[in-house]
Amino acid sequence: MSQPERNWVEKLSGAKPTTLYMLLIVVSAIFLFIKYQIPVKPDPESVDLYARLATLPKDRPVLVQSDWTNSSRGESAGQFEALMRILMDNEIKFVIYSAADPQAPQVARNVIRFINEERKAEGKAPYKVWENYLDCGYFPNAEGMGQAMKANLRNAFSNKKNRKPDGTDADIWESPVLAGVKSIKDIPLLVNVTASATIDVLIERLGGQVNLGLMCTGVMSPQMVPYYASGQLKGLSGGLKGVYDLEWMMNYGIRGDQVPNDPSLPNRAVCKSNSTIDVKPLQGTTFSRGASYYLSLHAALTLMILAVVAGNLSLISARIKARKG
Amino acid sequence: MQYYDKGWFGVLATVLVVGFILVMIQRAKRHEGNLFIRRIAGLNAIDEAIGRATEMGRPVVMVPGIGGLDAIAVQAINIFAKVCQTAARFATPIKLCCADPAVYAVAQETIRDVYQREGVIERFETDSVQFVSDRQFAFAAGVAGIIQREKVAAAFFLGAFFAESLIFAESANAMGAIQIAGSTQTTQTPFFVAACDYVLIGDEYYAASAYLTREPILIGSLLGQDYSKIFFAALITLGFITVSCERSFTKATGEFKEGKWVALEKERTKGPGDTFMSMWFNPQSIPEAESKVERPQREKNWWEEGGGDAAPAAGGGE
Amino acid sequence: MYEKIKLLIGAVATIGLYSVLYRENKFYRFVEHMFLGLAAGYTLVAVWKETLKVQWWDRMVGTAGDAGSPGTPGFWAFMFLLPIGMMGYMVFNKKHNWMSRIPIGIILGFWSGQQVQIFWSKWGGQLFNSMKPLIPTGGAFVPSTDGLTPEQMAEVGRTVYVSQAVNNIIFTVTILSVLSYFFFSFELKNKFMLGMNKTGRWLLMIGLGAIFGSTVMARFALEIDRMSFIFVELVKALRT
Amino acid sequence: MNLLALQWSFRPEDSTKWTYLIVAAIIGFAFMFALSRVPTRMRRVVVGTFTFLSGLFYVLLYIWPQPIDKKPLDIPQGPVESVGFLLQDMVPVVKDFTSILTAFLLGLGVYSLLRVHIGRVARRQRDWQYSGLLLLCMATMLTIGYWDFFMQSANKAVDYSDRANWTTAQYGFDLLFDGMLQQMDAAMFSIIAFFILSAAYRAFRIRSIEATIMLGTALILMLSLMGIASYFTDWLFVQKLAGGNANAFVGNFTLAEISNWIKNNFQVPSLRAMEFGIGIGALAMGLRIWLSLERGGVSA
């Protein structure tokens, strides 16, 4: 094909896909290294989730069902890290288990180890298994697990051992973490970090029994928002935006809409569901994976929008030409 | 012994829809009633796509989605059988890539059969219908590789597709192939609409076999489906009329609590749960008194002794 | 050290698969075939470990219980599934290939029966949810619920405000016209139905566009994470 | 389950169980052999019967009156309840048949893979080295996977989730599965981002009204995902125009509100209508398959 001379508009609309791909790699990689906090207004569903997490009682453990693996790491890892930081900084005990994938516990353990190292560097006590949290590993049948938890929490988590500080293994029900817990009703919140339909199972089996919080991928969140609206989910963090919302609130805190605006904390998010809540910023790492990815996401989305505009320019200019001639 | 938990209305509606479809199939079998089908652009392009592949001497690739063996996969293979019929006549090479062993078995048998019936069984290569992988992204990588290496001229992506849909569509596009796609996964349809030349949207997918073969049974079934859709539309219309009137002009005087009607102290505005449509669609739970049934007890099996919380793997347990 | 090797291999594999973006090449082909081989091998492990052992073998021969619990019984009738499954392999036999349709027929039969079973539980709720009140019973906009009692809030929830009624009308028009777009066997002649059909297609495009827009975030997030894996984590790991 | 005077179950430690199993297998294969003698014209009937019976189970499960408050040890009263009880008891067994049968058929898929790739290696066809690589990787994964599996099931007492207890088998499996297979999955998953970009650039053009509508909605939704754009509209409409009153009318024009409005009033109903059609289509096709009404194509 002999190409006649092309003007800049035609060149823009005729770029090779490879050029675009290179641009996307360059743009998303460069912004990973830039630290800048983009101002946001957290979505009400993530505000609610954060409000739940920040007001948890310290004497009861939270159940964390971690169902993500490395294939959805881009969104789930940020969510899980934020969840761990919030729980640890608020000194809330938790029990972690997985029901979707045999690989999930290992992935979660890696994150806990990494955050403990971070805490040490910040001069805080690391979170210890047995005393501060329990690790129950993997349960093969998500539906059965939900059913069993509803029927009898003790049986559902029976025969699981964790290592005591003195180096011996003991049944998790002897641990101080589960002190005072008899049934699922004693659990103040169950958070599901997932990239699959495990949350549907939880809503079906445990709805009404325990407060459910959800951290899911961006693809899932449009389908899950109706459950938040109907109250079946007490809070929801969807995709990368959800991660960044959480990190934003960890860094700036939240206040109920009846709480007067504190001028020293101007960026606090406003919570409508709990009008007297007053949460100060967390001490420690707040902005991390979510913040660095979110900037790259902006860059990538901008590139996408520019690409669409560029693609349409030639069409428009051709139409203008046709109208003139 | 009762329909409490399903509701009579649900059973009635299901029976009605099943009835529409079966009656229309019977009528069509006797060649009664109209046999019109509206134009579906994607399907008219099949011959064009194969024609191009034949001209260029390059293969046609077909992917029946990554779901298991169900009607979606069967429908895909039905359409592919039609594609292969034309391909067999013109000796156009084909590649059918499966992600499920059961789908592979069906495809293998059906496509071989097509070549047999066309009388050109020698043109059929067993390996042209192949199993690639049942792992989503391994399958995607494999098929993308095949599309690019074989330089396909036409591509058919019909079936249950998930995230991998764009990998196929863009790989085929890079080869300049004509693409005809359709998915019952509504979340993937926009990606096919953006990237492919022809797309079957929604249940155009299920109409395809009727459109291609003009078999009376299929056309009758399609007519039954249309009546079912009209039934749905009528329900919605009836619903918004009655719901609007009820909530505007009447007040709630009582409500169901645990399956029993309890009168309210004070009348109030009707909410979404107070309309009579709601009672059709949301059957009441069983009243407390009727929900307990005492029956004679059988002896425990040996595996049910002890705590008995662990249900046996087969039978017995709930 | 092990972690470093693992990361490095992962990164090389990622780059190999990404190279297809430029064009199909030997490096991609190498990684692709490794991928397919590993996946096939893993499937063969998982088919026993996660499906056949748990769902079939253990239930056929039973499992001995741990101390205290009685174990589970075995049901020999599960053995009949084996010959049924084996009939599938007749597909390559020229004379008896029809027998492969028996297991296939059973699988399809179960699927078909389930369609009848789930039909209403899947669509009934959605139909009911689509019956929206179109006549407003309250003021123009939903008032702020700050500081209301639960009873007052419930009343606000029951009232239809003008803005909601407008949205409900849009909703109803959308669902009916899109439904009419999918009528196949009627020749649409009257102007109203033709208009409905066309509107239906346009409204459908809004829905499809919305899905496209909202899926983009998740897809880019994964790509950014891969970049982070290669440019941040791997570099950090190799330095230490 | 003791419907007939036959012992359906046995204890796992029973020595007679192998006899039972072998006899069952022999009966099963004899049945299969008998089926292969079925005359040609009866074949459709045989296949149709199997299909019909399997479908009938779920149809009955739906329309048969469900027993109320069924407890594990209850004895059913009357014939209707007996069938109801039986159906309920069969669910946990029958629901796995599909996955068990599909698992048995996996061998067909593997046969196809081996056929293609061994053939390529044997005939030294183009790219035969890659096929060899595929077979090698498959064998390696298979060996190490089962080595790890048998080791883990033999030593139930050892906690293999703790890396301190790992041996070569666990390291090997972790490297192959987590280090390679999962990473490749993630790479392929994330490659979609690139294709979304090029597809949008190439095809999202305002050629027709429909394309323009789709493009416009997608753009609004994409903008609403960018925190900075939402923040700007929130600042503009709520802080500036409404003077900070979150409930003011102009507050409805923030990007977040608009995108939610589009989702609730256009996306939900249009997709729902589309899903209605698909659901009815699936039911119709299910019926045709169940009753063996389909002809041609798959059901030829």
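Note on naming: letters A, B, ... go to the chains in the order of the sequence lines (proteins, then strands), and numbering restarts at 1 for each one. We use all heavy atoms of the structure for the numbers below, so side chains are in, but hydrogens, waters and symmetry mates are not.
- Using a 4.5 Å cut-off between heavy atoms, Y104(B) contacts chain C through its side chain alone, with no backbone atom that close.
- Looking only at heavy-atom pairs under 4.5 Å with chain B, the residue among W98(C), F128(C), F184(C), F212(C) that has the most is F184(C).
- Only the side chain of V17(B) comes within contact range of chain C, with at least one heavy atom under 4.5 Å from a heavy atom of that chain.
- At a 4.5 Å heavy-atom cutoff, the contact between T137(C) and chain B is made by side-chain atoms alone.
- Of the listed residues (M131(C), E155(C), M205(C)), the one with the most heavy-atom contacts under 4.5 Å to chain B is M131(C).
- Side chain of E204(B) to main chain of I201(B): a donor-acceptor pair is present (N/O by atom type, distance under 3.5 Å, no hydrogens or angles).
- Side-chain contact check for N25(C) and S19(C): at least one donor-acceptor pair (N or O, by modelled atom type) lies under 3.5 Å.
- Using modelled atom types, one finds no donor on one side chain facing an acceptor on the other under 3.5 Å when comparing Q185(B) with T189(B).
- Between R247(B) and D274(B), no side-chain nitrogen of the basic residue sits less than 4.0 Å from a carboxylate oxygen of the acidic one, so the salt-bridge criterion is not met.
- Annotation: maximal heavy-atom pairing with chain B below 4.5 Å, among T215(C), T159(C), V116(C), occurs at T215(C).
- Contacts between T186(B) and chain C at a heavy-atom distance below 4.5 Å involve the backbone alone (N, CA, C, O).
- Listed options W123(C), F92(C), F110(C) were ranked by heavy-atom pairs under 4.5 angstrom with chain B; first place goes to F92(C).
- Contact annotation for V31(C): neither backbone nor side-chain heavy atoms come within less than 4.5 Å of a heavy atom of chain B.
- Looking at L134(C), both its backbone and its side chain come within 4.5 Å of chain B, counting heavy atoms on both sides.
- Side-chain contact annotation: S165(B) with Q188(B), donor-acceptor N/O pair under 3.5 Å present.
- Chain C forms more heavy-atom pairs under 4.5 Å with one residue of T269(B), I37(B), V243(B) than with any other, namely T269(B).
- Taking the ring centroids of F9(B) and F281(B), they lie under the 6.0 Å cut-off.
- Note: P190(B) leads A252(B), A174(B), A207(B), P190(B) in heavy-atom pairs under 4.5 Å with chain C.
- Salt bridge annotation for R29(C)-E24(C): present, with a cationic side-chain nitrogen under 4.0 angstrom from a carboxylate oxygen.
- The most heavy-atom pairs under 4.5 Å with chain C, out of T237(B), L238(B), D134(B), come from D134(B).
- Counting heavy-atom pairs closer than 4.5 Å to chain B, the top residue among T43(C), L38(C), T172(C) is T43(C).
- Of all the heavy atoms in C97(B) and V132(B), the pair that sits closest is CB-CG2, 3.8 Å.
- Interface remark: F182(C) contributes backbone and side-chain atoms alike to the contact with chain B (heavy atom separation under 4.5 Å).
- For the set F240(B), W280(B), F131(B), the count of heavy-atom pairs under 4.5 angstrom toward chain C peaks at F240(B).
- Options C245(B), S248(B), P272(B) differ in how many heavy-atom pairs under 4.5 Å they form with chain C, and the most are formed by S248(B).
- For the pair K270(B) and E255(B), the salt-bridge criterion is not met [side-chain N within less than 4.0 Å of a carboxylate O].
- Between R149(B) and E32(C) there is a salt bridge, with a side-chain nitrogen of the basic residue lying less than 4.0 Å from a carboxylate oxygen of the acidic one.
- Listed options N168(C), L204(C), V160(C), I211(C) were ranked by heavy-atom pairs under 4.5 angstrom with chain B; first place goes to I211(C).
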Self-check item: Evaluation steps, side chain to side chain donor-acceptor pair (under 3.5 Å), between S185(C) and D226(B)
Solution: CA-CA 7 Å; S185(C) 31; D226(B) 274 4; 2.6 Å; yes
